[in-house]
Q: 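Take this structure first; my questions come after.
Naming convention: chains lettered A, B, ... in sequence-line order (proteins, then strands); numbering from 1 in each chain. Here the structure is a predicted model, which means the values were calculated and not measured.
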2 protein chains.
Amino acid sequence: MQIGILNEPSDLRVALVPDVIKQLIDRKNNVLVESNAGVQSSISNDDFQASGAEIKDRDSILQNLDLLISVTPPAAEVYAKLKPHALVISSFEPFNKPEVAQQLASTGVTALSLDMIPRITLAQSMDVLSSMASIAGYKAVIVAANHLPRYFPMLTTAAGTIPPAKVLVLGAGVAGLQAIATAKRIGGVVEAFDTRLAAKEEVESLGAKFVMVEGATDDKDAGGYAVEQTDEYKQKQQALIQAKAEKADVIITTAQLRGRPAPVLLTAETVQKMKSGAVIVDLASSTGGNCALTQDNETLDVDGVTIIGNSNLAEKVPMHASQLFSKNIFNYLKVFVSEEGELNLDLENEILKSSCISHDGAARYGN
Amino acid sequence: MQIGILNEPSDLRVALVPDVIKQLIDRKNNVLVESNAGVQSSISNDDFQASGAEIKDRDSILQNLDLLISVTPPAAEVYAKLKPHALVISSFEPFNKPEVAQQLASTGVTALSLDMIPRITLAQSMDVLSSMASIAGYKAVIVAANHLPRYFPMLTTAAGTIPPAKVLVLGAGVAGLQAIATAKRIGGVVEAFDTRLAAKEEVESLGAKFVMVEGATDDKDAGGYAVEQTDEYKQKQQALIQAKAEKADVIITTAQLRGRPAPVLLTAETVQKMKSGAVIVDLASSTGGNCALTQDNETLDVDGVTIIGNSNLAEKVPMHASQLFSKNIFNYLKVFVSEEGELNLDLENEILKSSCISHDGAARYGN
């Protein structure tokens, strides 16, 4: 197969790294790379060529490839240049963009959406959402520490003692757990909140205190995603979170509901009661944010409280985000590209059934 | 005594924090604070007033005070407004600016330079250089982690393992030791270099590997500062540092020579051999830098290597830098201001003898 990747200036990551390209070439594929595709991830054209990839111009890549892999969904003009029936792999977010499967179908491509890979054990090594969430959780704490006007760990000096930073993590999924682990590492005192009782043990195993409100709606059939809660529950939750937020130096929020706006966990009133100098990093900003005042991709100062809205912090660790992304891709490709580099797209396969959202001109999602 | 502090827009810190102001007022002093002096350190005018300070306009503070405390040396026009024989405390750096004592003497003020307090056990609790260096060492690692395109700790995921960042710390004084401790906390693998064998035990006690070249010039009479080395030693040192630097993801440099340009430990050639994506934070930039390519107060990208020149990173942790600074000041004031708020300036006192650089119209340094 001819596999192509492009230079994506709007994202610091690159879809394939040299180590993975080597493995793809061992499996009888060719890999075409647009010039400077890796620069922002600290990977040079020479690095790509050393791995066996060919550096080509954008149009010749698009015209020749059988499979395009893209971190961000390609722009509309890309599809017009592709061969009929080319495959395109990206994260299309059909659950947030109901029209996207139909749009892709109209271009004729077979679209494989990484964010639709089922979260089953068999597909764990292909789970781009999890690997990016993990990096985002880490980076959220680093960004918070960098913005914070205070020291993070306890510090004992001849001039007195500084207490450790108080950190509150809202949502203890993959991103939240990594945020907890990182905040603990740097020396913070961490509390974490989640509606899922299943999170308790994981939070406590990282040395953080688990905070929850009794009476949450059962989520065991939600495929690992959080579910919407009752109004009474939300009120109790609000009061508890506000009490914790008032004392916090750092709050990392990670609560997302798939295909719905993120729940507001920090109201404007709560922010007003927070300490001057506190920092909120809202990883749910792309779907509205967990803080009522968050603006996506903006850093705000609200009466001394910094609110950073960024749902794509994994991108800010481009070298390793690219590495994990492309390893996920490699594991995913094994499902439908043979060791001889031949395509075998079995849409009855559990993983492809969910993740293929357009094929042969027909949308396969949202109909 | 009437003690005054100003709003210093060029520095994020403030010279006195409310906790320390309370203690000064208990000791029969008045404290006058310029409006918004604490804003950048997350301290409001209300916070200052609650501690007993009076918020005043700049000119009335300058005309009434007996003692001005300033994080950065005041501008020339400030002295003209002071009462004759007023005291001014700041960090004047007479060892870098030989003319400053004479200039201060000509204004008539008694100038007390915090960076001239002797580094003796008795004065440890007044040591502003050490408390600021400690915060700078911490912040250097946080800044590096934030700029780094890679993950800092080891990460094991379903998509593979990421090795920990390799960190090299040059100079294991107060800043270097805090950088080592912070880099270890975040999960890096740390090596540290110093010419002083005395640093070995401290470096190793923090879990880092100590790297040194045999045959360094003895520094035991240098009052805790590093000394200049022979040419032969410097060549061996250069080769060793280059070998370590080529493998490093992060380099924190902290080597300063008091009153002389900082030693160049990383040449342009060394930077060229470093990995793309590596980050250098040069804390010695104000005296020329430990990296030949450093520019003070600039962040450069040299073929994928980021070089951050900043000798004042303590300022970027303003809340706690202000707290430690003002606690140091309080301990220093106890030497010459009685519990009844009366001045008793004994210039034969070991601490004042060194740190008073201008008195009664006469320079007391560099003559």
Side-chain angles (χ1 to χ4, degrees), chain A residues 12 19 39-44 47 121 123-128 130-131 134-135 138-139 141-143 145-153 155 157-160 162 174 178 181-182 184-187 249 275-278 304 316-331, chain B residues 12 19 38-44 47 121 123-128 130-131 134-135 138-139 141-143 145-153 155 157-160 162 178 181-182 184-187 249 275-278 304 316-331:
Chain A
L12 300 174
D19 276 358
V39 168
Q40 298 186 107
S41 298
S42 307
I43 302 167
S44 67
D47 295 334
T121 307
Q124 219 178 343
S125 66
M126 313 165 196
D127 189 348
V128 168
S130 287
S131 42
S134 169
I135 292 182
Y138 158 77
K139 185 71 178 183
V141 175
I142 297 294
V143 166
N146 196 39
H147 266 86
L148 208 60
R150 55 164 290 146
Y151 215 75
F152 218 99
L155 178 67
T157 77
I162 288 171
V174 178
Q178 197 60 241
T182 306
K184 286 292 294 180
R185 271 182 190 281
I186 309 188
D249 297 299
K275 293 195 270 190
S276 178
K316 305 290 186 197
V317 190
M319 189 189 290
H320 284 145
S322 300
Q323 185 178 316
L324 293 187
F325 183 93
S326 60
K327 284 192 176 170
N328 290 143
I329 293 286
F330 181 72
N331 292 324
Chain B
L12 300 175
D19 277 357
V39 169
Q40 298 185 110
S41 297
S42 308
I43 302 167
S44 67
D47 295 334
T121 307
Q124 221 178 341
S125 66
M126 314 165 195
D127 190 349
V128 169
S130 287
S131 43
S134 168
I135 292 181
Y138 159 78
K139 186 70 178 184
V141 175
I142 297 294
V143 167
N146 197 38
H147 266 86
L148 209 60
R150 55 164 291 147
Y151 214 74
F152 217 100
L155 178 67
T157 77
I162 288 172
Q178 197 60 242
T182 306
K184 287 291 296 179
R185 271 181 191 284
I186 310 188
D249 298 298
K275 294 195 270 189
S276 179
K316 305 289 186 198
V317 190
M319 190 189 291
H320 284 145
S322 300
Q323 185 178 316
L324 294 188
F325 183 93
S326 60
K327 286 193 176 171
N328 289 142
I329 294 285
F330 181 72
N331 292 324

Q: Look at A:Asn331, A:Ile162, A:Asn328 and state which one has the largest set of heavy-atom pairs under 4.5 Å with chain B.
A: A:Ile162
Q: Determine whether A:Phe152 and B:Ile142 satisfy the following criterion, side-chain contact (heavy atoms from CB on, under 4.5 Å), listing intermediate values before the conclusion.
A: CA-CA 10 Å; A:Phe152 218 99; B:Ile142 297 294; 5.8 Å; no
Q: Which pair of non-hydrogen atoms, one from A:Ala158 and one from B:Ser125, has the smallest distance, and what is that distance?
A: O-CB, 3.6 Å
Q: Using non-hydrogen atoms only, which part of A:Ile186 is less than 4.5 Å away from chain B: side chain, backbone, both, or neither?
A: both
Q: Mind ranking B:Lys316, B:Lys139, B:Met126 by heavy-atom pairs under 4.5 Å with chain A and telling me who comes out on top?
A: B:Lys139
Q: So which atom in B:Ser42 and which in A:Gly277 form the shortest heavy-atom distance, rounded to 0.1 Å?
A: OG-CA, 3.4 Å
Q: What is the minimum heavy-atom distance between B:Leu12 and B:Pro318, and which atoms define it?
A: O-CB, 3.5 Å
Q: With a 4.5 angstrom heavy-atom cut-off, could you sort out which part of A:Ser131 is near chain B: side chain, backbone, both or neither?
A: neither
Q: Using 30° and 60° as the class boundaries, would you call the ring planes of A:Tyr138 and B:Tyr151 parallel, tilted or perpendicular?
A: tilted
Q: Give, as side chain, backbone, both or neither, the part of A:Phe330 having an atom under 4.5 angstrom from any heavy atom of chain B.
A: neither
Q: Tell me which of these, A:Thr157, A:Asn146, A:Asp127, has more heavy-atom pairs under 4.5 Å with chain B than the rest.
A: A:Asn146
Q: Out of curiosity, B:Ser134 OG to A:Leu155 CG, how far, rounded to the nearest 0.5 Å?
A: 4.5 Å
Q: Do you know which of B:Ala321, B:Ala181, B:Pro153, B:Gly304 has the most heavy-atom pairs with chain A at a distance under 4.5 angstrom?
A: B:Pro153
Q: So for A:Lys184, is it side chain, backbone, both, or neither that comes closer than 4.5 Å to the heavy atoms of chain B?
A: neither
Q: If you count heavy-atom pairs under 4.5 Å between each of B:Gln323, B:Gln40, B:Gln178, B:Lys275 and chain A, which one has the most?
A: B:Gln178
Q: Which bit of A:Ile135 is near chain B, if near means a heavy-atom gap under 4.5 Å: side chain, backbone, both or neither?
A: both
Q: State the NE2-CZ distance between B:His320 and A:Arg150, to the nearest 0.5 angstrom.
A: 4.0 Å
